[in-house]
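Working notes for the structure below.
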Amino acid sequence: MEVGLLSPNRHVSNVLDSYELAEVEDVSDLPTGSVCSEEDDMDSSGSTGSRHHRSPTAARPSSSSSSSSSSSWGSLREKFRALAVVTCVACGLLLLTSKSVVSSGGGSARSALALSSAVHLQSKESVHLRGLDSDSYMQPLGPTLFCFALVTPRGKEFELMNMLLQRSMGPFSCDGYNIYSNETLALGTNPSTGLSLMTTSIGEGSLDCILGSRWATALNTEVFARVWRAVNADGQYVNYDWSLKVDADCVFVPQRLRSILIGIDPFTPAYLENCKYGLHGPIEVVNRLGMRAFLVGQHDCADIYHAAITQKPVMFSPYLHDHKPPAGVWVADSLDHGFGEDEYLRRCFEQLKVKKINAHGMLAEEACKTHVDTCTSKEVVAFHPFKDSASYLQCMHEATLE
């Protein structure tokens, strides 16, 4: 399903354009003096009379000039009324647009502000209003974030996600969010609405996957292909500047990420490479244009997808289920076959010309050789993995402790 973010705003933009044209046209008709009210007219010498200090002895204009002046002021009155109507229509459309974003689910008032602000941010020259220009009258709170996650329908991961919901952490700390599973289940009560939050089904089928490839990683590309189809069908991501796939066991500090994203050109499809070894799956960050390019252009990555889900003949099949095969033993005979969704995503981005932005210090995990014993670093955006509530909360406490 195609969702056009700017379709309602195009109407608003047209209205604003007509407003600007009318404004320019009217300014050329204005007299050189200040216009305060229709009772303030000009004296017989052509100079502007003072509103509060009009001379009682000033000559009155003739009847013909009075008629002409009255006609001129009447025309101006009509034009000002037309401007007022156009302005009201524009304000009404902006209000409706904002309400539609808030009612789309999983969002906050800030996403509505950002979308309404998009009317004023249609050109590259005005992008600095998104927080880089402190003198601007319009200061959005930084790039808006849409977070989504895949969760198993039962077990510790489901319980962890419920805890994150209650505390507005993880994906629930973003401006908008959605949680996917292979079943539609009540995840828990949303504290901001008091309503039960339901998972979105990606369709029937197992979420299980084997470990494979040279690195013994989860071969989960096929599972996440179903997630990406659901994300595309929902279309929520188009309402936000950046989309994030965040794993349940990934401790994530959103404001640190915003400080990185705020200086990135939003008019170029882009993603963050979060590890010196490539894109790693605990947190994947893609801007709106990059996400759109990927979701629409996946058919151009069919060869990569096929390689990701294909296991070549294996030398030692028992090691498929070992997290760490013995040194020197490959569980697949080719680097180009059998890899996870993060590697598939990276290769597809490259093929689709989605720009890579290095952010190698944002993720702390052992696989990136950036693992730390504590979460006290104030530079790291995300820490991984913390698979139970106690360790997750301890890491978040350390990360956000002033």
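Numbers here are sequence positions counted from 1.
- When side chains are defined from C-beta on, R167 does not count as touching F172, because their heavy atoms never get closer than 4.5 Å.
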Between side-chain atoms of residues 155-162 and protein atoms elsewhere (two or more places apart, or another chain), which donor-acceptor pairs fall under 3.5 Å?
{"residue": "E157", "atom": "OE1", "partner": "T152", "partner atom": "N", "Å": "2.9"}
{"residue": "E157", "atom": "OE1", "partner": "T152", "partner atom": "OG1", "Å": "3.2"}
{"residue": "N162", "atom": "ND2", "partner": "L187", "partner atom": "O", "Å": "2.6"}

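- Residue pairs that meet the salt bridge (charged side-chain N to carboxylate O under 4.0 Å, His left out) test with at least one member in residues 178-197, sequence neighbours left out, are R154-E183.
- The backbone N or O of G290 sits less than 3.5 Å from a side-chain atom of N287, completing a donor-acceptor pair.
- In the displayed structure, H306 atom NE2 is contacted under 6.0 Å by at most 12 heavy atoms of other residues, nucleotides or ligands.
- Shown here are the side chain to side chain donor-acceptor pair (under 3.5 Å) partners of E398, two or more places apart in sequence or in another chain: Q394.
- For C209, the disulfide bond (SG atoms under 2.5 Å apart) test picks out no residue, with sequence neighbours left out.
- Side-chain contact between L345 and F224 is absent, with no heavy-atom pair separated by less than 4.5 Å.
- Judged by distance alone, the side chain of T144 and the main-chain N or O of D241 form a donor-acceptor pair under 3.5 Å.
- Closest approach of Y344 and A308 over heavy atoms only: CB-CB, 4.4 Å.
- Nearest heavy atoms, T400 versus M396: OG1-O, 2.7 Å.
- Considering only residues two or more places apart in sequence or on other chains, R346 meets the side chain to side chain donor-acceptor pair (under 3.5 Å) condition with E343.
- The nearest pair of heavy atoms linking D175 to L145 is OD2-N, 2.6 Å.
- Considering only heavy atoms from C-beta on, Y177 stays 4.5 Å or farther from V246 through its side chain.
- Contact detail for A230 and Y180: the closest heavy-atom pair is CB-CE2, 3.6 Å.
- Judged by distance alone, the side chain of R288 and the main-chain N or O of Y240 form a donor-acceptor pair under 3.5 Å.
- Summarising the geometry of L207 relative to I202, their closest heavy-atom pair is CD2-CD1, 3.9 Å, with the distance given to 0.1 Å.
- Under the 4.5 Å side-chain criterion, counting only non-hydrogen atoms from C-beta, F148 is not in contact with D234.
- Remark: K369 NZ is loosely packed, at most 12 non-hydrogen atoms of other residues, nucleotides or ligands lying under 6.0 Å away.
- For residues 268-299, the ring-ring contact (aromatic ring centres under 6.0 Å, His included) pairs, not counting sequence neighbours, are W228-F294, Y271-F349, F294-F349.
- For residues 246-256, the set of pairs meeting the salt bridge (charged side-chain N to carboxylate O under 4.0 Å, His left out) definition, not counting sequence neighbours, comprises K245-D247, D249-K387.
- Of all the heavy atoms in G297 and L352, the pair that sits closest is O-CD2, 3.6 Å.
- Side chain of D388 to main chain of A390: a donor-acceptor pair is present (N/O by atom type, distance under 3.5 Å, no hydrogens or angles).
- Note that R347 lies in the cation-pi zone of F339, set by a 6.0 Å cut-off to the ring centre and a 45° limit from the axis.
- Side-chain atoms of M291 and V231, non-hydrogen and from C-beta on, do get closer than 4.5 Å to each other.
- Under the side chain to side chain contact (heavy atoms under 4.5 Å, CB included) test applied with M362, the options T370, V380, I283, V253 reduce to a single match, I283.
- At least one side-chain heavy atom of L272 sits under 4.5 Å from a side-chain heavy atom of L257.
- Contact of the V285 side chain with the W242 side chain is registered, since non-hydrogen atoms from C-beta on lie closer than 4.5 Å.
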- Item | Check against side chain to side chain contact (heavy atoms under 4.5 Å, CB included), N182 and R226 | CA-CA 9 Å; N182 58 343; R226 293 151 59 194; 4.1 Å; yes
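- Contact annotation: the side chain of L211 never approaches that of L219 to less than 4.5 Å [non-hydrogen atoms, C-beta and beyond].
- Applying the disulfide bond (SG atoms under 2.5 Å apart) criterion to C147, with sequence neighbours excluded, gives C174.
- The side chain to side chain donor-acceptor pair (under 3.5 Å) analysis of residues 193-203, with sequence neighbours excluded, yields the pairs N178-T200.
- Residue pairs meeting the salt bridge (charged side-chain N to carboxylate O under 4.0 Å, His left out) criterion with at least one member in residues 295-307: none, sequence neighbours excluded.
- Within a 6.0 Å sphere centred on CD of Q166, other residues, nucleotides and ligands contribute more than 12 heavy atoms.
- With sequence neighbours excluded, no residue forms a side chain to side chain donor-acceptor pair (under 3.5 Å) with S377.
- The side chain to side chain donor-acceptor pair (under 3.5 Å) test applied to S206 returns D208, not counting sequence neighbours.
- The main-chain N or O of I309 is never found under 3.5 Å from a side-chain atom of T221 such that the two would form a donor-acceptor pair.
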